[in-house]
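One structure is given here, and the rest of the page talks about it.
In what follows, chains carry the letters A, B, and so on, assigned in the order in which the sequence lines appear, proteins first and then strands, with residues in each chain numbered from 1. What you see is a predicted model, and the numbers here were worked out from it, not measured in a lab.
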Number of protein chains: 2
Amino acid sequence: MIFDENSCPVTATMKVLGGKWKAILINAIYHTSPARFGELRRSVKGITQSMLTSQLRELEDDGIINRKIYAEIPPRVEYTLTEFGLTLSPIILSMADWGKQYKLKKKKQD
Amino acid sequence: MIFDENSCPVTATMKVLGGKWKAILINAIYHTSPARFGELRRSVKGITQSMLTSQLRELEDDGIINRKIYAEIPPRVEYTLTEFGLTLSPIILSMADWGKQYKLKKKKQD
DNA sequence: CGGGATCCCTAAGGATACTG
DNA sequence: CAGTATCCTTAGGGATCCCG
């Protein structure tokens, strides 16, 4: 069997939620919907403004999240998962599950 | 709610199957078990020997795959998923599923 | 408040040659 | 056959400053 990087659907998924921040951002928006920009910046520990902006844009381009702008002063922007983004939740939730098991396993090794 | 990079189980999972090759390698070994080194090098298109070696080592260190060495000439090494590695299959399979939907969606956008 | 623009640096990834 | 060992390139990520 041939596993081509460009045709592999698993790799396609990894491109969408890969990198250091996307999975955690999807998870955060999933639990904090709607989520404001500053709210995410505070709750997602360690992320910089520029990374938060760029990752949110890429998620938006991929159809995972919605960006709703309110014409107010001061400005307000709210992020929510799209319907398509919600189809990721089984993956995110099972990843969260597995991550917990993995941490337990790691502790035993020490 | 606080989402800490170091405590987030989703991030922990991403560290295990993140990067360019690990998810596709797990998928490949899942479908080609036991998988020999050269076999993987041929079937996983585009991967180099050094990347294949390093990624397999990291997966082994994480307890995802087994590495069985046969004391033969010429040498033979077989890789299989561990029991713990098999617990990843729901994630991998749902990622494969989702990736297909994502590709369909992308095509429509063009 | 929610960004954009710019510059910078490390680490992930890749190419090549050699070996038990 | 299944790797090591080196060297090299790039892009992911980060810091800082500026703006409507």
Side-chain angles (χ1 to χ4, degrees), chain A residues 3-6 8 10-11 13-26 28-29 32-62 65-80, chain B residues 3-6 8 10-11 13-26 28-29 32-62 65-80:
Chain A
F3 300 93
D4 188 340
E5 175 195 351
N6 296 320
C8 176
V10 174
T11 302
T13 305
M14 286 305 295
K15 283 189 180 165
V16 174
L17 41 79
K20 188 173 176 179
W21 297 110
K22 287 192 182 166
I24 197 173
L25 273 178
I26 295 172
I29 297 177
T32 325
S33 188
R36 296 188 59 175
F37 185 89
E39 190 177 15
L40 287 172
R41 188 164 54 76
R42 280 189 303 275
S43 65
V44 178
K45 291 300 178 189
I47 196 169
T48 60
Q49 290 176 343
S50 49
M51 282 311 292
L52 181 53
T53 301
S54 70
Q55 302 304 290
L56 287 172
R57 281 309 132 77
E58 292 185 19
L59 289 174
E60 190 189 359
D61 291 343
D62 283 329
I65 62 175
N66 268 316
R67 181 164 177 266
K68 187 170 185 181
I69 307 167
Y70 293 84
E72 304 174 353
I73 304 289
R76 179 157 60 114
V77 179
E78 285 183 352
Y79 294 93
T80 53
Chain B
F3 300 94
D4 188 339
E5 173 196 353
N6 296 320
C8 176
V10 175
T11 302
T13 304
M14 286 305 295
K15 283 190 181 166
V16 175
L17 41 79
K20 188 172 178 181
W21 297 110
K22 287 192 183 168
I24 197 174
L25 273 178
I26 295 172
I29 297 178
T32 325
S33 190
R36 297 189 58 175
F37 185 89
E39 189 177 16
L40 287 171
R41 188 164 53 77
R42 280 188 304 275
S43 65
V44 177
K45 290 301 179 189
I47 198 169
T48 60
Q49 290 178 341
S50 48
M51 283 311 292
L52 181 53
T53 300
S54 69
Q55 302 304 291
L56 287 173
R57 281 307 133 79
E58 292 186 20
L59 289 174
E60 191 188 358
D61 291 343
D62 283 329
I65 61 173
N66 269 315
R67 182 164 175 264
K68 187 170 184 182
I69 308 167
Y70 293 84
E72 303 175 353
I73 302 292
R76 178 158 61 113
V77 178
E78 285 183 353
Y79 294 93
T80 53

Please round to 10 degrees the angle between the axis of the first five pairs and the axis of the last five pairs in the helix from dC1(C)-dG20(D) to dG20(C)-dC1(D).
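That helix gives 60° between its end axes.
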On DNA chain C, nearest-nucleotide positions of Pro74(A) versus Arg57(A): which is more 5'?
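Taking each residue's closest nucleotide, the earlier one in sequence belongs to Pro74(A).
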Which sits closer to the 5' end of DNA chain C, Glu5(A) or Thr53(A), going by the nucleotide each is nearest to?
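Its nearest nucleotide lies further toward 5', so the answer is Thr53(A).
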Taking only distance into account, with no hydrogens and no angle test, what donor-acceptor pairs under 3.5 Å do side-chain atoms of residues 33-43 of chain B form with protein atoms, sequence neighbours excluded?
from     : atom 1 : to       : atom 2 : distance (Å)
Glu39(B) : OE1    : Arg36(B) : N      : 2.8
Arg42(B) : NH1    : Gly38(B) : O      : 3.4
Ser43(B) : OG     : Glu39(B) : O      : 3.1

Distance, nearest 0.5 Å, that separates CG of Leu56(A) from CD1 of Ile29(A)
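CD1 of Ile29(A) is found 5.5 Å from CG of Leu56(A).
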Rounded to the nearest 0.5 Å, what separates atom OH in Tyr79(A) from atom CD1 in Ile65(A)?
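These two atoms lie 6.5 Å from each other.
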So, OP1 or OP2 of [N]: does either fall under 4.0 Å of a side-chain N or O from [X]?
| X | N | value |
| --- | --- | --- |
| Arg41(A) | dG2(C) | no |
| Arg42(A) | dG2(C) | no |
| Trp21(B) | dA12(C) | no |

Can you name the side chain to side chain contact (heavy atoms under 4.5 Å, CB included) partners of Ile69(B), sequence neighbours left out?
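With sequence neighbours excluded, Ile69(B) shows a side chain to side chain contact (heavy atoms under 4.5 Å, CB included) to Arg67(B), Val77(B), given in chain and number order.
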Partners meeting side chain to side chain contact (heavy atoms under 4.5 Å, CB included) with Thr48(B) (sequence neighbours left out)
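Thr48(B) satisfies side chain to side chain contact (heavy atoms under 4.5 Å, CB included) with Ser50(B), Met51(B) only.
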What nucleotide among dC1(C), dG3(C), dG14(C) has an atom nearest to a side-chain atom of Arg36(A)?
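Selected nucleotide (nearest to the side chain): dC1(C).
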Hey, does Tyr70(B) reach any base, or is it just sugar-phosphate, or nothing, if we go heavy atoms under 4.0 Å?
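Touches nothing.
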Sugar-phosphate atoms are those with a prime plus P, OP1 and OP2; base atoms are the rest. Using that split, label each nucleotide of nucleotides 15-20 of chain C B, S or - for protein heavy atoms under 4.0 Å, 5' to 3'.
B-B--B
Quick check for you: name the first and last nucleotides of DNA chain D, 5' to 3', having an atom under 4.0 Å from a heavy atom of chain A.
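Boundary nucleotides touching chain A, in 5' to 3' order, are dG13(D) to dG20(D).
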Separation of Glu78(A) atom CD from dG2(C) atom P, in whole Å?
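That distance rounds to 9 Å.
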Whole Å only: how far is the CZ atom of Phe37(A) from the C1' atom of dC1(C)?
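The answer, rounded to whole Å, is 9 Å.
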Contacts table for residues 13-26 of chain A: side-chain donor-acceptor under 3.5 angstrom, sequence neighbours left out:
from     : atom 1 : to       : atom 2 : distance (Å)
Thr13(A) : OG1    : Pro9(A)  : O      : 3.1
Thr13(A) : OG1    : Met95(B) : O      : 2.7
Thr13(A) : OG1    : Gly99(B) : N      : 3.2
Lys22(A) : NZ     : Glu58(A) : OE1    : 2.6

For Glu78(A), which residues count as a side-chain hydrogen bond (donor to acceptor under 3.5 Å, both in side chains) partner, sequence neighbours excluded?
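Glu78(A) satisfies side-chain hydrogen bond (donor to acceptor under 3.5 Å, both in side chains) with Tyr70(A), Arg76(A) once adjacent residues are dropped.
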